[in-house]
Every structure is written in C-alpha cells, then in structure tokens.
Q: 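Questions regarding the structure given below will be posed in turn.
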Amino acid sequence: MVGFSTDAQASVIAILPEILMVVLAIVVLVLDLVWPRERRRELGYVAGFGLLALAALLWLLDLSPTGGLSDQLLLGGMVRHDDLSQIFRVMVILAGALSCLISMGVPSIRAKGDYYAILIISVIGASLMSAAADLIMIFLAMETTSISLYMLAGYLRNDERSTEAGLKYFLFGAFTSAISLYGLSLVYGFTGETNIYRLGRVLATTDLTEASVAIALGLMIVGFAFKISAVPFHFWTPDVYEGAPTPITALLSTASKAAAFGLLLRVLLAVFPPSSLVAALDNVRDYSDLWVQLAVVLSVLTMTLGNVLALVQTNIKRLLAYSSIAQAGYALMGVAAIATVTSGDGAAAVAYYMFMYVLTNTLAFGVVIIFANTTGSEAIGDFAGLSRRSPLLALAMTLALLSLAGVPPAAGFIGKFLLFRAAVDADLSWLALVGVINVIIGLYYYLTIVKVMYVDRSPDDGEPIPVSLPYGWALGISAAGVLLLGTFLVTPFIEWANRAADALYVLL
Amino acid sequence: MVITFSGVLTGILFTPVIGAILILLLNPERKDEIRTVAAMTTGITLLLALGVFFGYNTDDANAAADAYVEARDAAAGNPDEVETVEPYFAFEDHVKWIEPLGISWHLGVDGISAPMVLLTALAGFTGVLISWGIEDRTREFMAFFLLLVAGVFGVFVAVDLFVLFFFYELAIFPMYFLIVIWGWVETREYAAMKLTLYILIGSVVALVGLLAVYFKAGPVLQDLGRDYSFDFVDLHVAAQHGAFDTPFLSGWSAATTAKLWFPAIFLGFGVLAGVWPFHNWSPDGHVAAPTAVSMIHAGVLMKLGAFAALRVGVQLLPEGAKVHLPWIVFLTLINVVYGALIAMRQRDFKYVIGFSSVSHMGLVSMGFATMNLTGMTGAGLQMFSHGVMTALFFAAVGMVYDRAHTRDIPSLGGFVNKLPWVAVAFIIGGFVSMGMPGLSGFVAEFPIFIGLWDGPNFAPPDGFILDNFGYYGIIAIVAALGIIVTAAYVLRVVGQVFFGEFNAERFPDVPPITIFDKVALGMLLFWLVLLGVYPRLMAPMIESGVRPIVSLLGGG
C-alpha cells in the first residue's frame, strides 16, 4: 500500500502557491475597501503582478521534493507535489496573471476588487487540480474553479449576453459535474479507496467486469471533456466564450483547460494504469485500452468538428472558441499516446502544448479586447486595416494566429511537432495524419484573419489604436513567451516537461 | 555544446534576419535607407555565398565520395560487417540545440547544396534591386522578403532534418504575406491561399514520414552507441545499417519503412517542386506574386522542394526510391510535356513563364528519377540553371508589365526598341530555356536526357512490367518533344512581345529601365553564359555530391 508523507515542511511547501494566492485574494479585497475609488483601477496590477511574481517564483525555485511516490503524496494523500503539478501550476497562475492584466482595460470590471478576488480563487482551484491526487480533492478543485468561473462569466449583470453565458455555463457545468461525480462514486464503490494511486492498485488487481469499469470511466470522463470542451461536450463553448467578459474568456480557454488536461493525464494513468507500469503487482488487469480508444475518438471528433465549424464564423470570439475546441483535439492526441509508449513523450507533449497554448491564446484575446474597446466590434471583417492602424497589434495578432496554426518561429510549431511525434511513436501514425489534415483546415481560417488585417482597407485606416500600459505588459509577456518557446527556450521547457512526464509514470 | 563551428553558414542564415530586424526598426517613411539596408544585407550574403561556392573544395569532396563508395561496395559484398561511413559536408556548424529530442543546429553544404546557396543569394540580391520601385509599405516588404530569403537559405544548408523542416515552414509564411499584400490585385488572395495550403499539405505529410523514419532509426542508432536523432548524418548511418529495410508494421513484410514512406516524403516535398498532379498552385502563385517574389519563388523556392525530396527521400530511403521512382518518372514526363503545351496556349505573358517553370522543374525531378550519375548531375545543374533563368524571365516580365500595364501577349509588341536590355535578356533566357548549346540550359538538359536514355543502374523491381531500357527510352523520346514545344512558345512570346508593331497610342510612355534593373539583369545573364561556356565550374562539384547518392542506388 502506498504510504503518505507526514513531513510538515513538505506539506506546507506543497500547497504554498495556494496559500499565497489566498493571501493575495484577501489583500485585493482589503485594498478594495481602503483605497479611494479612483485608485482602485490599480487593483489589477496588484492581482496581476502578484500572480506573475508567484509564477516566476515557482519557475525559478525548484521546490519539487525528491524521493519516491510516498514522499510526494502529502496532506493525507490529498495532493501530489511533483514536477507535473509544478509545470501545470505555473501555466495556470501565468494565465491568471495575464487575465488580470487584460481585465484592466474593460471599463465595467477594472475597478472591482471582488472580481479580481474571484478570479484568483478560480486560479487556486485550477492550481489544486494540477496537484490533486484524491477523488475528493479532484472534485473540490474542479468545483472551486467552475463555480468561480460561473460567476465571472456572468459578471456583467447589465449585459444580456454575459448573464446568458453565465447561466449556460452553470447549467452545463452542473450537469456534467454531477455525471462525473457519479463516475467517481462508482470507482470508489469498486475499490473502497479515494486516493487515486491506492485506488489504481486495487482496481488493477480486483476482478471486475470490463463493462463496469468502462461505465465508470465513461462517466468520469464527461466532467473532463466538459472542461476541455471536447466534442460532444462542447456546445456551451462558443456561446459562453462570446458572451463572457473577454478576459474571462481568455481564462476559460487557458487556465481551466490546461488544469483539466493536467488532471486528466494524472487520473487516467493512476486509476487505470497500463499493465506495464504496475507489473510488480500480481494478477494485473489492464484497462488502459479503454481510455486510449476513447481519447482517440474524442481527439478525431474534437479537432475535426472544431476546425470545420470555425471556418464559417464571422465573430472573432466565436472563431477563437471553435479554434480552442480544435486545439483541445490536438492535445488529446498526446493523451491517447501516453499509455502505449511509456517514455513520457505524449505527456511531455501535452504539457508543452498547453504551456504554449496558454501564452498564445492570451495574446490573441488580449488583442481582441483592445480592438473591441476602441471600435466596439468583434466582427472579423472589422479587423480590416488593423496593420495600418496599429502595426504592432497586427503583428502580435499574427504571431498568435501563426502559433495556433503551428508555423515557426512561433511556439505552436514545436508544440504540434511534439504531439505528432508522440502520436507516431505510439503507432498512431494515422491519427497524426488526421491531425495534419486538421492543421491545414485550421491554417485556412487563421490566414484569412491575417489577410483581413493586412490587405483589406477600412474607412478608419488613419485612426491609430491606443494600447494602454497594462496591455503593453500582458501582450509583451505573452508575445515574448510565444517567440522564445518556439526558439531559444525550447530545450529548458522540453526538459521540464519531460521531468513532469517522468513523474507521471511513477505509480508504485 | 559546440562540436564544430565555422560560422559561415550561420552567418549567411542570420544576416538576412538581422537585416529584417534592422529594417523594422527604421522609420517607414525613409524608404531609401530601408532599400539600402536590404541591398547591403543581401549583398553581404551574396559575398558569403560566393565564398562558400568558390571555397568548396571539390577534391576533398571527391576523396570523401571515393571512400564512401568504396565502403558501400565492401558492405555490399559482406552484409554482416557494415562499415559506418558518414556523408561529407563542408563548412559545418554543429551545435547541440534541443538535446532531449536529438535536434542539433547542424549546418553544412555538399556538392548539391553549395550551388543552391549561391543561387539563393543571387536571386535575393537581384530581387532587392528589382524591387527598388515598391512604394507601398516598403519597410514591411523588405523585411518579409529578407525573412523569406533566410528561410530558403536555411533549407539548403540544413543537415539536421528538423532544422530543414523548421526553415521550410518558415519560408512559407512570408511568402503568403508578400503575395497577398503586394501581389497582383485580381488573383492575389486566391493564389496566395492556394499556394500556402498546397505547400503546407505537402510539407506536413512529409513531416509525418520524417517522424516515421526518425522512430525507426532510433533503436538502430542506440545499438550503435548513438541516440535518437534528426541529424541527417545519424539517420544516414541508420539507413546503412538497414533501419528502414525492415517491415514498418510487424507482420506486413512487403511494406518496409522505405517502401511505405518514400512516396509520402518524396511527393510531399515534391508539391513544392511542382510535380504533376500537384503543380496547380504554381502558375497561379507565380502570376499573382510581385516580381521579386516570383523570382525567388520560381527561381529558388521550387528547388527547395526538389532538394528536400532528394535529401530526405532519395538519400535516406534509397530502397524506396528504387521501387517508386520508376513510376514517379512518368509523372515528371507529364510535367515536361503537359507544362510546355499549356504554356503554348497562354495569352498572359506571365502565365507562359509560370507554366514553363512547371515544365522545366519536371526535368529536375526527371533527372533525379534517372538514378544514375549523368542524369542526377544534370538535375543538379538544371536546378541552378533554371533558377537563374526563371529569375531573369520574371524580372523581364515585371519590367515590361510595370511599363505596359498589361500582360496580354497579342496586344503587346515592338518592345525591343523601347526596352532593348529587357529584350536581349529575355531572348538569351529563351535560348537557355530551349537548351541552346553554349548556354547553361544545354549543359543541364543534355545530361538529363542521356541519363534518362541509360536508365537506372539496377535491374527493374519485381513485377515491373516494362523492360527497363525500353521504358526509360520511351520516356526520353517523349520528353524530348517537350523541348520542341518549349522552343515554339519561347519564340512565340519573343516574336509577339518584343518584335512586331509597337502600339504607340496604347503605350504612350515607356520609360527606360533603371540602372538597378540593368545590374540585376546583367548579373543573372553573366551566370547563364558563364555556366554555358565553362560548365567545369559547377559540374564536378555537383558530381561530387551526387556520387554517394548514386552508389546508394546501385551504381558506382
């Protein structure tokens, strides 16, 4: 039986980011009370740079514990503190930080302390999702993120689209998390364990019918599929992305999706391990085929449907919503590859992909907000002449779109390359070819936006678009990240992702 | 970690990138400064490229090729004791880059790529000179143009195949911008999108093939004390040890990795080389592009496809090449004849040249498909010769169009008196295109046809219904028809555009070409003539690069 570490110092370090974020949320709320009204706009700096500093701290300080699995399972097995949790934490905290900064340009929310506090709480949930190692913790973390995001999506009470988005997101989310909870309770019922690593051992050595495991797995996956907006649980995505305040759309499409991918990788491998990983046990049963096939099917459906539907969109936020569905489909290729080849390529590819995706999508949504604030429009056609109105904004958007499309030197190229590589390595060459066809479809609509920005003329060609300071920060950081992750920083990040992937495979 | 670093090729590669960054920092209104920076940047790369071309030591390369062929022959007699021989590269830069994936910054040139580096530099420099008159967003134009040039250089000098692929993709996106922003208004959006999608589909299919090769090579390399690697040298060593001659999927013994993935890689890159039936993007793309971009595009970019198909396809998977090239040669035959016939039918001046590129690029792929020394050397020469010739053609077309504002052949006429330089350049280019002796076209095409007549050095694969000599001989005879048609359309264009009646009412104002244009035309003409009268300048170099490949394909 896997033991849990009771080391007090390690326990504190394991949830230190969450503790610090709680403090930050309280600080923001207090400042909201004590600062005069006109100063409150700077709350975004406090929240944004607070989170940014935390992300930088986590990245630079190597806090991950040494030792085996039982040294890393802390707080009664509730969380596992390993490299996988570190890399996904850094990306969700970074996503939260950038969202705070780009919130500072939206008039109706920029001076609201409670808004930033809820945003930080949703990041706490996402951060705990990356580390959760117990069914209870998994559910709590997912709900913490979800409930705070329901509120944020509907935060603009006077805007019908926003309230509709909030309600829609809530209904879908509540429905799927109930189904998911049923799956979790079935797994608990089969094994009598809540810690996923103990649970996986019991499940692998207990005599169960394949059908019952398949049902439990299928029900559990629903909640994850909702969070990463995989087809057929994607229906909420375009409406919510379009209606929610744009910084929240950015957060929804990055932090909550990335954390769900991290958790998905961990749960699938720990609860339904491929037999090669638990070969030390007697009488091992291998259920990994079930979820590999499921991931393959979800991946093909998700990327194809996302890309095809994106082709006909005329609203930029809806287009990015479908594009983010397609991107989740690509990442699912990596998930499908983690069981057959246990070298960690698939998991590392997913980690790298989500990292670059967080930066890329924030960059894209940042430009969309600036543009919408100045022109009041979210129609793709209105991006005409952007390259003449603001060459730098057009360049930033182009970089984001090229990264989403997977063109070097943007980071998306390396990300897609790693995913295809993992798929080919796992004998899923045909899946890689399906992915390749999808990349081409995607390129079409991404390039169309680029064309509109650079070629089409508009009557407002002469009017420049101002970029305020917080946006300068947010766009600068994410653009630099996208470029560096595609060129000079590839090696350290791949090594980090590889370490994270290695941790994932330590199950005993 | 630095293994070797001579810096010349890295310098060639980064000079345009630095130039582009400098240009983006300049004030967009100071157009002459921008142009000067662009010209200086490409001028420096041209000097470096000349250094590489003349500094390439053919004797060393030949000595390396001798050792290579010898080791191959020895291995052929004794399959258990395979001696590892690494391919020869000059001016190597080798630095570890993404170690966890086996990717390194490995650059180098062999006998085939050294002339291509020179060609790229020539087209880049003359392209900047020709584009001197571009007034709309000059800054962005020059920056994208320099990035395009850098991408093209990257493919030719890459030894690591990931680097090759990185730059292959990197070359595509500035291309899209250059066509869609500065291209011909009527078709640019359609043509740019079509071109980008075609090339990208090809390249990503080739990428999946490359990944399949990479994973097959990995275990073999580990047995040899190396590791998973995208480095061409490592993959080549793996190929010598039979990594790609085992079944790709177990239990499917006929489909070895080489046989299964060769078509994906060769035709995937072949899209950019305009191999029929994937050539459709090319005339549209060439016509829609602004002059300098057409020059780079038809002159250099299409060679990227042929070059990458040779390097990744033929050199790594020779067993696949032996099986598949005999039918691919038929596709290239269609290129040569059909391309020429379609060119004959065009009314648009630029479309004539566009289809002539399809036809001539068919000769390059055809030369590869001969799989013997003569034919492949001819293909290497044709890559250079056609590159310079097409750049010249598109430059001439651009100069006429800028003044006449039409490219409709029947309504043009008599331009020889107004633009004598352009007329002379175009006529000489036309002679090259027809394969006139004394010019580079003859030097290149003649060996291709000889090689084609000889056919490959190995016995035809099992089940191939046509006798080897007869099949290749028939292809050679039919392909020769393409040359006749070429002569016909070139003479037709020359006759109707440059001679005949000049319509002074329609074209009241035809200003003479600038000094920059003359320099550009002169530089391109110089190489066509030089290579025609002195082929020894380049032929032995290409031969030194081709010999190891031919030995892989069963020849000496």
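If you're wondering where the values come from, they're calculated on a predicted model, not measured in any experiment. Computed over heavy atoms, backbone and side chain alike; hydrogens, waters and symmetry mates excluded. All chains are named by letter (A, B, ...) in the order of the sequence lines, taking the proteins before the strands, and each is independently numbered beginning at 1.
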Q: With a 4.5 angstrom heavy-atom cut-off, could you sort out which part of A:Phe413 is near chain B: side chain, backbone, both or neither?
A: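 For A:Phe413, the contact with chain B is made by the side chain alone.
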Q: How many angstroms lie between atom CG of A:Leu392 and atom CG of B:Leu24, to the nearest 0.5 angstrom?
A: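 Between A:Leu392 CG and B:Leu24 CG, I get 9.5 Å after rounding to 0.5 Å.
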Q: So what's closer than 4.5 Å to chain A heavy atoms on B:Trp261: side chain, backbone, both or neither?
A: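 Just its side chain gets close to chain A.
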Q: Answer whether the closest heavy-atom distance between the side chains of A:Pro409 and B:Phe166 falls below 4.5 Å.
A: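 Yes, close enough: below the 4.5 Å cut-off.
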Q: So, taking the atom named CG in A:Leu402 and the one named CG in B:Leu170, what distance separates them when rounded to the nearest 0.5 Å?
A: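 Spacing of CG (A:Leu402) from CG (B:Leu170) equals 10.0 Å.
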Q: Could you check whether any side-chain heavy atom of B:Glu189 comes within less than 4.5 Å of a side-chain heavy atom of A:Leu447, counting everything from C-beta outward?
A: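 No, their side chains stay 4.5 Å or more apart.
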Q: What option among A:Phe420, A:Phe488, A:Tyr444 has the most heavy-atom pairs under 4.5 Å with chain B?
A: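 Among the listed options, the one with the most contacts to chain B is A:Tyr444.
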Q: Is the ring centre of B:Phe162 less than 6.0 Å from the ring centre of A:Phe417?
A: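 That pair passes the under 6.0 Å test.
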Q: Can you say whether B:Tyr214 sits under 4.5 Å from chain A via the side chain, the backbone, both, or neither, judging by heavy atoms?
A: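 Interface part for B:Tyr214: side chain.
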Q: Counting only non-hydrogen atoms closer than 4.5 Å, does A:Leu418 touch chain B with its backbone (N, CA, C, O), its side chain (CB onward), both, or neither?
A: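 For A:Leu418, side-chain heavy atoms alone lie under 4.5 Å from chain B.
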Q: Do A:Thr491 side-chain atoms and B:Trp97 backbone N/O form a donor-acceptor pair below 3.5 Å?
A: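 Side chain of A:Thr491 to backbone of B:Trp97: a pair is present.
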Q: Out of B:Glu140, B:Lys96, B:Glu169, which one racks up the most heavy-atom pairs below 4.5 Å with chain A?
A: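 The answer is B:Glu169.
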Q: Which residue out of A:Arg388, A:Glu495, A:Lys416 racks up the most heavy-atom pairs below 4.5 Å with chain B?
A: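 Option with the top pair count is A:Arg388.
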Q: Please state whether the side chain, the backbone, both or neither of A:Thr398 comes within less than 4.5 Å of a heavy atom of chain B.
A: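 Side chain only.
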